[in-house]
Amino acid sequence: MDVFKELNTLNEKQREAVTAPLEHIFVLAGAGSGKTKVLTHRIAWLLETEQAHPYQILAVTFTNKAANEMRSRINTLLKQPSSGLWVGTFHGIAHRLLRINWQPANLPQTFQILDSDDQLRAIKRILKTLQLDDKVWTPKKVQIFINAKKDQGLRAKDVVINEDDAWLAQMFSIYQIYEETLERTGTIDFAELLLRTYELLRDNPALLEHYQQRFLYVHVDEFQDTNTIQYQLLQLLVGTLGKLFVVFDDDQSIYAWRGAKIENIQSLNHDFANNRLVRLEQNYRSTNTILKAANKLIGHNQGRLGKNLWTKYSGGEPVFLYSAYTETSEAQFVVNKIRVFNYERKEIAILYRTTAQSRIFEEALLLQGIPYRIYGGLRFYERLEIKDMLAYLRLVQNQNDDGAFERVVNTPKRGIGERTVAVLRGVARQQRMSLWIAARLVIENRQLKARASNALTAFLDLIEQCEKCVHGLQLHEQVEQIIIKSSLGEHYKKGGAAEAQKRLENLEELVNAARQFAQINPSSSTILTEFLSHTALEAGVGQGSQYDDCVQLMTLHSAKGLEFKVVFLCGLEEGLFPHKNSLEEGNVEEERRLCYVGITRARQHLYLCHSESRYRYGERELCKSSRFIDEIPVELIEEVRA
DNA sequence: TCACTGTAATTTTTT
DNA sequence: ATTACAGTGA
């Protein structure tokens, strides 16, 4: 790249951040102020004028989408694929470090990642064996508790328990058993990826020094979303040698619910001395009207760092407001409007608070034959049949994976019922062994009736056969073989016609995904392990989009970082947005920031929609329009009719 | 052991 | 409305 030519495309503030001397740089970047541009240009600047080597550069994002975007923009800028440069999500980078350093991290080489669903199942199993009242100790609550502790960097054993607090004591004891279980099964959950990586570096000084010397330039996107353990990890990595470059917007902090600490922004100044703050407040995205609406809305929040976005674009059409009678007419209005616009369809987005709202828009779009793409919702690798197949693969690769064992031991049905599995669980727990080994033992000791024993033996043989037969095969052939051997394919053929077809197609798609994965990644003996991790870390968002030019449907959370010519912000109703749960927890400000994110996605046209009534739990409920609508000055709004 | 039936709970967002 | 789960009979 011609650095100096590129610099001319930046404004003064952006240039200041990109060409800043080698200190810690904090960039307060408002929506649409070109933060990704600054980040990518900074990296290019380091490479071209500071003689940095690609392998000295680390760039961390929060979503896979953002990571991919950044990687491709860096490549475009450098006019070649950048090798050696690490760009990824916090979880992706932690995973990479753990794979390389599995031994000092005290992990088996084939360790696997549990997604939220796997984690919840593991917790349910533990609660069942402990025979606790599942009204008091709901799996969800336990899951939230454990993840919160891990996000704070706390192990069960690290915490001093006040014996008076029976609830807390019980929670920690569950946490402890959970930790032991995961240890035994060779699996780790999402939060553990971060915590384990933190401990790995903290407890291995030589290793830490190695990475500190390597990653001299650490970049973090969306810094306002970091949680405690992520912050601590950054502190370790940057050390005294490294230079930190963070980009953040406190008004777009929307992940407090999963442990993001907005206080981390304040800590920066103290923990990383010799720093420089650059403010990007010029917006290049939206019309002045849209920006004014956004500024006024977010002005209702207290304790902001404070900034005022401005733009050179004057005026723009008003923000349109549509009040529907029902959610169906809301969707109809949106779809009719979409037909009028003469833009590319991918320039149009329908945004909503909850995934459940997508269905009604999907139906309306389908009816009118408008191509659309839904982000989020049930992702490819989360589908039932895919999870089943992945469980077979996991079990073939690591027989101690109890979660995988339980999932497929009787799928498809092979006569191993609850009773038999209960016996295995009992033995496994008593002798602290995996279900697989317990099964072996139980068969040897003839603890089961002949019928159950035979069925179980057949299952164990099946898995071992699979293990033998996939040896030396290509990754996608391994998947293909196991679909056949496990007779999962057969199994799904039997279901309802249309649904069964879909499931079979998905299994076929999994084979394709494996083929693609093997093409992108260098072949190695651990490719199956890596593929399985990939399915957990990137739940397969890109699968199955048939058209390129589609109307974009997504939740407000997944819209962060994107922009569209036309935005429909839907379901603006009290209880839905702001969501009831947030109101109860007193988190209206985060909901408002979410609304701010939504509004600032729009370049030219913004439609706010709400419905007077909505189906919930099978009943029609009356809905009040959202307070957020009232917080936008009326002179910016124009009511429209269908 | 498994299919069937009735009842209770469920819906915030993502790695 | 849809789904998950527990209880019941074959």
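The structure presented is a predicted model; accordingly, all values stated were derived computationally and were not measured. These values consider heavy atoms only, across backbone and side chains, with no hydrogens, waters or symmetry-generated copies.
- Atom-to-atom, CG of A:Leu127 to P of C:dA6 comes out at 12 Å; the value is rounded to the nearest Å.
- With rounding to whole Å, A:Asn64 atom CG is found 6 Å from B:dT15 atom P.
- With ring centers used as reference points, A:His557 lies under 6.0 Å from A:Tyr255.
- Nucleic acid contact for A:Lys140: none, since no nucleic acid atom lies under 4.0 Å from a heavy atom of the residue.
- Residues A:His579 and A:Arg451 each lie close to DNA chain B; by heavy-atom proximity, the contact nearer the 5' end of the strand is made by A:Arg451.
- The cationic atom of A:Arg394 (NZ for Lys, CZ for Arg) does not lie both less than 6.0 Å from the six-membered ring centre of A:Phe405 and within 45° of the ring axis.
- Ring geometry for A:His534 versus A:Tyr381: interplanar angle over 60°, hence perpendicular rather than tilted (30 to 60°).
- Between A:Glu362 atom CD and C:dA1 atom C1' the separation is 16 Å, expressed in whole Å.
- Of the charged side-chain nitrogens involved, none lies within less than 4.0 Å of a carboxylate oxygen, so that A:Glu362 and A:Arg359 do not count as a salt-bridged pair.
- A cation-pi arrangement is present between A:Lys65 and A:Tyr375 under the rule of less than 6.0 angstrom and at most 45 degrees off the ring axis.
- Here A:Asn147 does not reach the OP1 or OP2 of B:dT14: none of its side-chain N or O atoms lies under 4.0 Å away.
- A:Trp257 has its CH2 atom 9 Å from the C1' atom of B:dT15, to the nearest Å.
- B:dT15 atom P lies 9 Å from atom CD of A:Glu538, rounded to whole Å.
- Among the protein residues, A:Tyr615 comes within range of no part of the nucleic acid, since none of its heavy atoms lies under 4.0 Å from any strand.
- As judged by a 4.0 angstrom heavy-atom cut-off over every strand, A:Asn410 is placed among residues touching the sugar-phosphate backbone only.
- At a cut-off of 3.5 angstrom, counting only N and O atoms as typed in the model, there is a donor on one side and an acceptor on the other between the side-chain of A:Ser116 and the base of B:dT15.
- Atom pair A:Leu195:CG and B:dT15:C1' shows a separation of 15 Å (rounding to whole Å applied).
- Regarding A:Glu418, its CD atom lies at a distance of 11 Å from the P atom of B:dC2, rounded to whole Å.
- Under 4.0 angstrom from either OP1 or OP2 of B:dT1 there lies at least one side-chain N or O belonging to A:Thr420.
- A:Phe62 comes within 4.0 angstrom of sugar-phosphate atoms only, judged by non-hydrogen atoms across all strands, and of no base.
- Checked against B:dT14, B:dT15, C:dT2, the side chain of A:His91 finds its nearest nucleotide in B:dT15.
- Of the candidate nucleotides B:dT11, B:dC2, B:dT1, B:dC2 has the atom nearest to the side chain of A:Lys413.
- Two residues are said to be in side-chain contact when any heavy atoms from C-beta on lie closer than 4.5 Å; A:Phe111 and A:Arg99 meet this criterion.
- Nearer to the 5' terminus of DNA chain B, by closest-nucleotide assignment, is the contact made by A:Arg414 (compared with the other of A:Glu591 and A:Arg414).
- At the phosphate of B:dT14, OP1 or OP2 sits under 4.0 Å from a side-chain N or O atom of A:Ser558.
- Taking 4.0 angstrom as the limit, A:Lys65 places none of its side-chain polar atoms (N or O) nearer than this to OP1 or OP2 of B:dT14.
- With B:dT15, B:dT14, B:dC2 as the candidates, the nucleotide lying closest to the side chain of A:Arg379 is B:dT15.
- The CG-C1' distance, from A:Asn454 to B:dT1, rounds to 15 Å in whole Å.
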